[in-house]
Amino acid sequence: MLKMMTAVLRFLSIMVLCLFFTGTAFAAKSEYRRTIEHYAVPDVVLVNQDGHKVHLKTYLQSNNPVVVEFIFGTCTTICPILSAGYANLQQKLGADVRNVKLVSISIDPEHDTPNVMKEYLKKYRAKPGWDFLTGSRSDIDKVMYAFNAYIPNKMSHFPLTLFRSPSDGSWIRIFGLMSSSEFLNEFHKVAKK
Amino acid sequence: MAMAAVVFLFVLMGFLPTCPAAERSTAPLSHEEQIRLGERIYREGILPSGEAVQAVVKGDITVPGTSFTCVSCHLRSGLGSSEGGVVTPPTNGAILFKPYNSSYKDVTNDKRYLPSIGQRVAYTDQTLARAIQAGVNPSGLTMNPVMPRYLLDDKDMALLITYLKSLSVDFSPGVSEREINFATVITDDVPPEEYEAMLLPLQRYVNLKNGSINLYRNQKRSERMAASMLVSSELMYKKMTLARWMLKGPAETWRKQLEEYYRTQPVFALLGGISHGDWKPIHDFSEAHHLPCLFPQTEYPVISETDWYTLYLSKGYYQEGEGAARFLNNSDETAPGGKVLQIVRASRESQALAKGFEETWRELGHDAAVTISLQPGEKLLEDTLHNALKTEKPAAILIWDESGAVPVLDLLSSDALRPARVLVSGSQQAQHFGAIPEKVRAFTYITYPYRLPQDDAIYNIYIAPYKKNPTTAGAYDLNLKSSFITTQILTSALMDMRGNYYRDNFFDVIGMMPDQRYPLYERVSFGPGQRYASKGCYIVQLGSGDKPELIKKSDWVIH
């Protein structure tokens with residue numbers, strides 16, 4: 001009986017553990033939090049949707065504005081909205097699309113192979129200038145840490161947009177989901193600086 | 001301001017958000033046809049006209065609905081999702097047309113982040129159309145702008161609503177108030193000791209679960225405790241059954257046998273299962289009946305990016321071939337343009353390895369490998385090999401041969417034209433690692449699709465209960481560990497389904513699970529549509545001695 005009881009308790013504790021699987025909170029309303037930050041980009045080599053190697057540090061040191069977001073290929077709610085923001089910006093920029101670097105970094109690097117990333121970009125009708133990067137788990141962890149965006153569990157992922165100013169390399173950090181006019185607004189602030 | 005823009009858009013398009021949806025007749029279409037078209041809008045964002053649905057998100061981002069399909073947030077079952085604190089409520093037939101009062105038991109966070117529809121009256125066709133077009137719920141509340149506003153005309157809206165009415169309305173077969181029925185498929189090419197090893201953890205799990213029912217009946221204190229701990233307390237008294245569906249004879253006859261088992265006793269899902277043959281006939285059966293199959297133990301899964309109803313632990317042999325291709329792609333000698341020579345035994349397993357390599361190699365942008373095929377029993381002649389090295393000058397060689405790679409490795413060790421790297425399969429050579437001569441170890445690389453033995457030892461406690469059993473004492477760790485993983489995922493899935501016993505919900509909730517560290521694989525991970533839980537494969541080399549240590553030469557996942 002006692003044995004039975006401990007077995008049952010073990011079963012229960014497994015079940016209860018599952019209660020803690022749910023993600024951390026994040027605001028889905030239109031308010032977002034904006035701060036100015038300085039980041040030391042780690043010297044790692046990531047891989048883009050074409051399978052090409054990308055030296056992240058030099059790649060982000062651009063004379064044009066750079067935007068960075070963390071997403072993954074099979075993400076449900078947040079990433080479609082973040083990526084729609086990118087798609088929309090590219091559309092609005094028209095011919096100037098090459099003057100901005102849009103970077104999506106995978107937080108599910110094991111699943112997000114170049115092929116998966118290529119398909120993802122196709123779905124959003126991405127134009128050149130928008131790269132989706134994957135890499136080894138440890139390199140991706142380094143990148144997340146560097147941007148104070150460490151997400152140990154992809155399902156408790158939060159929406160974050162980082163704009164790099166070409167003039168002084170500082171970053172505007174937006175925590176939350178923006179509408180496209182809010183996104184454009186932030187972008188223009190960085191671009192003009 | 002954003003809302004005004006949306007209203008303006010609607011006016012521009014010539015219809016107002018309040019227009020009744022289901023009035024115009026869709027009579028010429030059969031009910032099935034309407035559902036099919038509605039499903040396409042829901043899952044793919046494509047209208048009957050072939051055009052993409054237009055949607056507005058976050059107030060003013062206009063997007064093609066193909067990237068904003070209902071299914072991406074509300075999931076295939078329509079029961080919704082919770083990600084990063086954004087809770088997407090259910091939108092299935094059983095819930096929409098009843099008053100709703102969500103308690104969100106598991107979300108202890110700030111109330112602001114919950115959907116605005118905490119409480120609402122039942123939907124009608126009209127209020128549902130308004131919700132989808134204008135984001136206003138039947139209680140008059142404006143919804144969170146994360147829920148897009150869709151520009152659908154009456155006819156298309158009616159199709160979508162017809163589909164939503166049919167979506168997850170009645171529980172799937174294999175569940176009743178008192179029972180939930182599962183089956184496990186076993187083919188007769190598997191020896192009894194081996195399939196018993198696959199069954200042991202599953203059966204123990206079922207016994208434990210059912211044992212707890214008696215406990216709750218007899219001990220009210222345990223019952224109260226469990227009820228307060230479990231999200232899904234109706235699960236407490238549900239008995240679990242596990243039928244054995246034994247398949248006999250040639251694979252062409254399996255489908256008929258499966259249909260017969262299913263007709264006699266439909267089950268909610270298939271758990272585990274084992275075959276040394278191709279899993280395809282069973283995979284196809286699952287697809288046809290929309291019957292989920294969780295982690296069958298097979299080296300020959302179906303490799304598909306779109307099939308839905310079988311969730312595999314890995315891609316089996318294919319994954320090792322894939323690992324080899326990614327490893328070579330990253331090494332200086334082979335990229336770009338370097339040739340690869342493949343020596344492949346004409347057998348199912350060696351061909352699965354070769355296929356994994358070839359398809360990945362091509363995907364990575366390389367020319368096809370040169371292949372020497374060996375018939376069963378055939379020996380590769382020294383001259384044949386030497387000539388191939390001379391004419392092809394390969395930058396790497398792969399040997400896929402279940403009868404042992406040593407003879408070819410031996411030949412290569414004394415050939416001056418040998419490239420720097422020769423790859424073999426860990427699954428094929430695992431029995432003979434010690435027999436691989438020391439002189440070839442420096443150029444021999446091995447695909448190893450599991451966590452390395454020295455690192456996996458700490459996980460052995462999970463299979464300790466079965467090590468007292470004479471049959472499984474010294475063997476079948478792979479089967480035991482695989483089934484252990486199955487029970488873990490099953491537990492989480494049953495809890496996360498919260499009493500919504502729809503088969504699509506079963507895989508939906510698994511798709512929302514965080515990555516896990518279990519025995520066997522460095523990491524297993526999930527996601528909507530992800531169908532191979534382990535994505536990795538190490539490349540290792542051998543240390544010295546007759547029980548050589550495995551030495552990592554790559555990451556778990558290589559890009």
Side-chain angles (χ1 to χ4, degrees), chain A residues 4-5 7-8 10-12 14-19 21-30 46-47 51 72-78 80-81 83-85 87-88 108-111 113-115 123-125 134-138 152-159 177-183, chain B residues 2 57-64 66-68 72-73 75 81-86 88 106-107 109-110 112-113 144-146 208-209 211-212 215 222 225-226 229-231 329 363-365 488 491-492 494-496 511-515 523 525 527-530 535-536 555-559:
Chain A
M4 175 82 187
M5 182 76 188
V8 169
R10 195 171 318 130
F11 180 80
L12 268 178
I14 298 171
M15 293 225 158
V16 168
L17 270 179
C18 311
L19 304 186
F21 282 177
T22 43
T24 49
F26 186 68
K29 309 275 166 179
S30 57
L46 303 182
V47 177
F72 58 103
T74 57
C75 163
T76 56
T77 323
I78 299 172
I81 294 174
S83 297
N88 205 54
D108 187 11
E110 304 197 346
H111 182 257
T113 58
N115 230 21
K123 211 166 77 173
Y124 288 90
R125 303 179 186 170
T134 191
S136 73
R137 170 80 48 184
S138 59
N153 158 16
K154 69 178 192 267
M155 298 316 294
S156 55
H157 147 231
F158 43 82
L177 292 167
M178 291 175 282
S179 70
S180 81
S181 52
E182 289 163 338
F183 188 104
Chain B
V57 250
K58 283 294 292 176
D60 62 354
I61 309 183
T62 310
V63 292
T66 44
S67 51
F68 268 90
S72 68
C73 298
L75 305 189
S81 59
S82 159
E83 188 188 283
V86 178
T88 302
D106 64 326
V107 184
N109 307 315
D110 194 326
R112 273 185 312 154
Y113 309 146
N144 185 325
V146 171
L208 262 171
K209 163 74 184 87
S212 67
L215 182 84
S222 317
M225 198 172 78
M229 281 161 86
L230 295 174
V231 184
N329 182 54
E363 191 185 303
L364 292 168
Q488 296 301 292
T491 304
S492 305
L494 288 174
M495 298 293 293
D496 290 351
M512 297 304 288
M513 277 180 201
D515 300 4
R523 186 187 282 263
S525 58
Q530 294 192 19
K535 277 91 178 168
D555 280 333
W556 173 239
V557 173
I558 311 160
H559 286 300

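Letters A, B, ... mirror the listed sequences (proteins, then strands); counts begin at 1.
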Quiz item: Between A:R137 and B:D515, is the closest basic N to carboxylate O distance under 4.0 Å?
Solution: yes

Self-check item: Over all atoms of both residues, closest heavy-atom pair of B:F68 and A:A84
Solution: CE1-CB, 3.5 Å

Self-check item: Toward chain A, the part of B:S81 with a non-hydrogen atom under 4.5 Å
Solution: side chain

Practice problem: Test A:S136 against B:V557 for side-chain contact (heavy atoms from CB on, under 4.5 Å), laying out the working first. | Solution: CA-CA 7 Å; A:S136 73; B:V557 173; over 6 Å; no

Quiz item: Using non-hydrogen atoms only, which part of A:F183 is less than 4.5 Å away from chain B: side chain, backbone, both, or neither?
Solution: neither

Quiz prompt | Residue, of A:G51, A:P109, A:A87, that accumulates the most heavy atom pairs under 4.5 Å with chain B | solution = A:P109

Quiz prompt | Considering all heavy atoms, the nearest B:C73-A:T76 contact | solution = SG-O, 3.9 Å

Quiz item: What distance do A:H111 atom NE2 and B:Q530 atom CD have between them, rounded to the nearest 0.5 Å?
Solution: 4.0 Å

Quiz item: For B:M512 and A:M155, what are the C-alpha separation, side-chain angles and deciding distance, and is it a side-chain contact (heavy atoms from CB on, under 4.5 Å)?
Solution: CA-CA 7 Å; B:M512 297 304 288; A:M155 298 316 294; 3.3 Å; yes

Self-check item: Region of B:L75 in contact with chain A, defined by heavy-atom distances below 4.5 Å
Solution: side chain

Quiz item: What pair of heavy atoms forms the shortest contact from B:H559 to A:G135, and how long is it?
Solution: CD2-O, 3.3 Å

Quiz item: Which heavy-atom pair separates A:T74 from B:P528 by the least distance, and what is that distance?
Solution: O-CD, 3.2 Å

